[in-house]
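Here is the structure we will look at, set down as structure tokens.
Labels below follow one simple rule: chain letters A, B, ... track the order of the sequence lines, proteins then strands, and each chain is numbered from 1. Hydrogens, waters and symmetry mates are skipped; everything else that's a heavy atom, side chains included, is used. What you see is a predicted model; the values in this text were computed from it and never measured.
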Amino acid sequence: MRDSRRFSSYFIPTLKEDPREAEIPSHKLMIRAGMIRRLASGVYEFLPLGWKVVRKIEAIIREELNAIGAQEIIMSALQPKELWEESGRWELYGPELMRLKDRGGREFCLGPTHEEVVTRIVAENIKSYRQLPFSLYQFQMKFRDEIRPRFGIMRAREFYMKDSYSFDLTEEGCRNSYDKHYEAYKKIFTRCGLDYAIVEADTGNIGGEYSHEFMVLSSIGEEAVVVCSCGYGANTEMASYSIVEKSSDLEESSEEKEPVEVNTPGLSSIEEITGFMKMPAERFIKTLIYKTEKGLIAALIRGDAELNERLLKAAVGVEDLTMASPEEIQEATGAPLGFSGPLGIKVPIYADTEILSMKNAVSGANIKDYHLKNINPGRDFTPEWSGNLRLVRAGDLCPECSSELKILRGIEVGHTFLLGNRYSAPMQANYTDEKGDEKEIVMGCYGIGVSRLAAAAIEQHHDEYGIIWPTAIAPFEAVIIQIADDAESAAAGLYADLKEEYDILWDDRKESPGVKFKDAQLIGIPVQMILGKQFLKDGRVEVVFRSTGEKQYLLPEEIAGILKKHLRGK
RNA sequence: CGGGAAGUGGCUCAGUUUGGUAGAGCACUCGCUUUGGGAGCGAGGGGACGCAGGUUCAAAUCCUGUCUUCCCGACCA
């Protein structure tokens, strides 16, 4: 369905200056181009141009999901507390859940996601193995009371999302549904013109077995992702790696010296100590005390590394892991926060692999205001356990192909989860199999942040003049810029010829040429067709492509062919 | 929640240090001119300075409180 418009009667309030509230390109440009406006922090309205882009993305997603057999529904945004208590998430989800009461005092939330609702629907209506498998999806505004909304619609409290849910008889069937969504997602993001990476991810609040994030690569991305040229990808928490032994780590002093106490009054952070002792952070052992359900433990990582709590949890074999309080640190080490070290500590030690090869290292002395030099692992202390504990670093080696890993930043636009029975079990979404046995439905869920995707696309496609839309999601595919008044009837003719086949914006405003050129660039319409001086001289239209700046002078009858080639790839 | 910055016509900002009831550019209205890169000239309309309280003869300006917004961090599918 094409939707062509005349500029003079279409609501596009463009702005000449950057709005004060915006910091990043996509946020500035969406406001300047008249796509969105802010109502409150993290709450935005979509104006015609912005909504049109969202609807185009939506259409692509709908096509690809229908192609894998998923069925579109729409669920309620308002959800009763009881439903969330069944899944246990009324408590678990925390303050991010937007809660409210009706006049009778009954409690509700505005849906941040719809696992509970959809599982209820399926639990109530599916009884037999004959009715499975199938998938449902919807487009809807989601609500999350983000601690800090950011970057316009990039991280909003109310945002437009597509969420799908698959229902299968078996785990194997669920993997199949998962793969179908995974493949559909690849097509969707490719069609939207995005440069993206797929990474292994943690399942977080949603729960479940495993998951992938679809990340649009961008320097403003809020999450770091680890990628390899071989196709391996993971977020930093999930990334595995093998370590390169750098000779410089060992060269410093190969001969093991005797431990020496050093007075370091009031110096507790790695930064302070490295400055004081004039040694690089690589020579330090960072000793972190954690509290777990099995009691207090110590984790050792090199001074320049960051701990990966997911790995530590797995190493210790615990569910709960939190940083110890100053009192607990005193209990574990006999010294205050900032002076912990591996020697003489009273709790089990879990050491990162890198620690084992360190020579004459420095760490806390477990005595207030003292550190210890010349610590040699193995000789001076022996960890209960050792293995990888730190977060991946750029330059670590890929677990699959051993090339060096790169760390990039990404905007999460899609996330797929294999849920298993996370919701079907507590909410009793069961079916009866061939043998008459009752079984739990195996579920998957799959989200795409539609409004965020629009912003992410702008982050990847813009220049100093404005947006450069990928043609598939551009609000208009081409704009007729009518400059000379004498060209009006010709512009009208061109518009009439093209408007059924393409989304055409006809800039028929009584504005100066500069205004029209600037607006066309700002809004980022892929093809500009200019009727001005040149047209009056020899009847040829100046066709300019937004992405390359390339110009062609064409007769009106030649234009349809060019648009077909450029916009439809035919 | 911790740290930082900011709220002055529709928009972007100046004025606050050194109190004396407000200004620019853009936008808007009317007229004339102009028509290939956010037009020119002329004439107009529009704000009492986020809100509340206080100091003062006098507050956009000083003090106190409060609300809102943005940025960094913590946190979070």
Side-chain angles (χ1 to χ4, degrees), chain A residues 13-24 27-28 31-34 37-44 89 92-98 111-115 142-152 154-157 159 161-164 199 201-208 210-215 220 222-223 235 237-238 309 322-323 411-419 422 445-449 452 465-466 481-488 507 509-523 528 530-537 541-542 544 549 551 553:
Chain A
T14 59
L15 261 32
K16 210 179 291 192
E17 284 164 298
D18 283 339
R20 178 164 43 186
E21 73 196 60
E23 203 73 20
I24 62 164
H27 189 193
K28 285 180 184 172
I31 292 171
R32 284 191 55 205
R37 286 292 185 268
R38 182 177 59 77
L39 184 61
S41 179
V43 182
Y44 286 79
R89 288 208 296 179
L92 233 164
Y93 217 94
E96 205 176 308
L97 194 59
M98 286 275 195
T113 174
H114 280 69
E115 284 80 13
K142 298 287 197 248
F143 300 85
R144 291 182 195 177
D145 196 357
E146 294 282 349
I147 291 179
R148 178 145 97 91
R150 246 194 267 229
F151 302 153
M154 193 72 81
R155 186 173 210 77
R157 293 192 293 176
F159 59 98
M161 178 171 168
K162 185 286 302 177
D163 45 327
S164 311
V199 304
D202 198 24
T203 51
N205 244 357
I206 298 275
Y210 65 85
S211 106
H212 290 91
E213 287 173 332
F214 290 72
M215 310 293 292
I220 67 104
E222 294 186 78
E223 218 177 305
N235 70 18
E237 265 226 315
M238 292 298 288
E309 292 189 357
T322 49
M323 297 283 284
I411 302 163
E412 181 188 351
V413 291
H415 205 153
T416 54
F417 299 86
L418 199 155
L419 294 174
R422 168 66 182 83
C445 79
Y446 320 91
I448 293 179
R452 177 183 283 182
Y465 303 108
I481 302 176
Q482 168 203 327
I483 291 171
D485 282 344
D486 295 345
E488 175 153 4
D507 194 345
R509 294 175 299 171
K510 305 286 176 239
E511 289 286 353
S512 67
V515 172
K516 296 188 179 191
F517 290 137
K518 294 287 187 192
D519 274 348
Q521 287 172 317
L522 174 62
I523 294 168
Q528 299 161 18
I530 302 161
L531 283 78
K533 265 185 190 163
Q534 184 72 34
F535 181 75
L536 294 181
K537 210 193 301 172
V541 178
E542 179 181 336
V544 183
K551 285 182 190 178
Y553 293 91

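Taking atom CD1 of Ile481(A) as the reference point, atom P of G37(B) lies 13 Å away to the nearest angstrom. Atom CD of Glu511(A) and atom P of C26(B) are 14 Å apart (whole Å). Glu146(A) places its CD atom 14 Å from the C1' atom of A74(B), with the value rounded to the nearest Å. For Ile31(A) and U69(B), the CD1 to P distance is 14 Å, given to the nearest whole Å. Computed from coordinates, the Tyr465(A) OH to G38(B) P distance equals 12 Å when rounded to whole Å. When the C1' atom of U34(B) is taken as reference, atom CG of Asp485(A) falls 11 Å away, rounded to whole Å. Nucleotide A39(B) holds its P atom 12 Å from the NZ atom of Lys516(A), rounded to whole Å. Rounded to an integer number of Å, the gap from Leu531(A) CG to G37(B) P is 17 Å.
Of the nucleotides present, G54(B) is the one that pairs with C62(B) by Watson-Crick or G-U wobble criteria, both distances under 3.5 Å. Using N1 to N3 plus N6-O4 or O6-N4 for Watson-Crick, or N1-O2 and O6-N3 for G-U wobble, each under 3.5 Å, C1(B) pairs with G73(B). The partner of A39(B), taking Watson-Crick or G-U wobble pairs whose two distances both stay under 3.5 Å, is U33(B). Pair assignment for G23(B): C13(B), on the basis of Watson-Crick or G-U wobble contacts that are both within less than 3.5 Å. With a 3.5 Å ceiling on both atom-pair distances, the Watson-Crick or G-U wobble partner of G44(B) is C28(B).
Rounded to whole Å, the separation between the P atoms of G19(B) and G65(B) comes to 22 Å. G20(B) and U12(B) are spaced 28 Å apart, taking the C1' atom of each and rounding to whole Å. The C1' atoms of C49(B) and A59(B) are separated by 11 Å, rounded to the nearest whole Å. For A24(B) and G47(B), the C1' atoms lie 14 Å apart once the distance is rounded to whole Å. Atom C1' of G10(B) sits at a distance of 31 Å from the matching atom of U17(B), rounded to the whole Å. Taking atom P on both nucleotides, C13(B) is separated from U8(B) by 9 Å, rounded to a whole Å. As rounded to the nearest Å, C71(B) and A58(B) have C1' atoms that lie 38 Å from one another. When the C1' atom is compared between U69(B) and G50(B), the two are found 11 Å apart, to the nearest whole Å.
Aromatic ring pairs are classed by plane angle as parallel below 30°, tilted from 30° to 60° and perpendicular above 60°; the pair His415(A) and Phe417(A) is parallel.
Residue Glu542(A) places a side-chain atom within donor-acceptor reach of the base of G36(B), judged by atom type and a 3.5 Å distance cut-off alone.
Using a 4.5 Å cut-off on side-chain heavy atoms (C-beta onward), Gln528(A) and Gln521(A) make contact. Residues Pro13(A) and Arg37(A) form a side-chain contact, since some pair of their non-hydrogen atoms from C-beta on lies under 4.5 Å apart. Side-chain contact between Glu412(A) and Asn235(A): absent, with no pair of heavy atoms (C-beta onward) separated by less than 4.5 Å. Lys142(A) is listed as a side-chain neighbour of His114(A), based on a closest heavy-atom distance under 4.5 Å. Counting only heavy atoms from C-beta outward, the side chains of Ile411(A) and Met154(A) approach each other to under 4.5 Å. Thr113(A) is listed as a side-chain neighbour of Arg89(A), based on a closest heavy-atom distance under 4.5 Å. Within the 4.5 Å cutoff, side-chain heavy atoms of Leu97(A) are placed close to those of Pro112(A).
Nucleic acid contact for Glu223(A): none, since no nucleic acid atom lies under 4.0 Å from a heavy atom of the residue. Nucleic acid contact class of Arg155(A) (heavy atoms, under 4.0 Å, all strands): base. In this structure, Phe535(A) reaches neither bases nor backbone, as no heavy-atom distance under 4.0 Å exists between it and the strands shown. Here Arg32(A) lies in heavy-atom contact (under 4.0 Å) with a base. Across all strands shown, Arg38(A) has heavy atoms under 4.0 Å from sugar-phosphate atoms exclusively, and none from any base. When heavy atoms are screened at a 4.0 angstrom cut-off, Gly447(A) is found touching no nucleic acid atom at all.
Nearest-nucleotide positions on RNA chain B place Leu522(A) closer to the 5' end than the other of Arg148(A) and Leu522(A). Nearest-nucleotide positions on RNA chain B for Asp519(A) and Gly414(A) put Asp519(A) closer to the 5' end.
With sequence neighbours excluded, no residue satisfies side chain to side chain donor-acceptor pair (under 3.5 Å) with Arg157(A).
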B/S/- contact track for nucleotides 8-15 of chain B, protein heavy atom under 4.0 Å: S--BSS--
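The side chain of Glu23(A) lies closest to C70(B) when the candidates are C70(B), C75(B), G36(B).
For Ser512(A) and U34(B), the shortest distance from a side-chain N or O to OP1 or OP2 is not below 4.0 Å.
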Salt bridge (Lys or Arg N to Asp or Glu O under 4.0 Å) assessment of Glu115(A) paired with Arg422(A): CA-CA 10 Å; Glu115(A) 284 80 13; Arg422(A) 168 66 182 83; over 6 Å; no
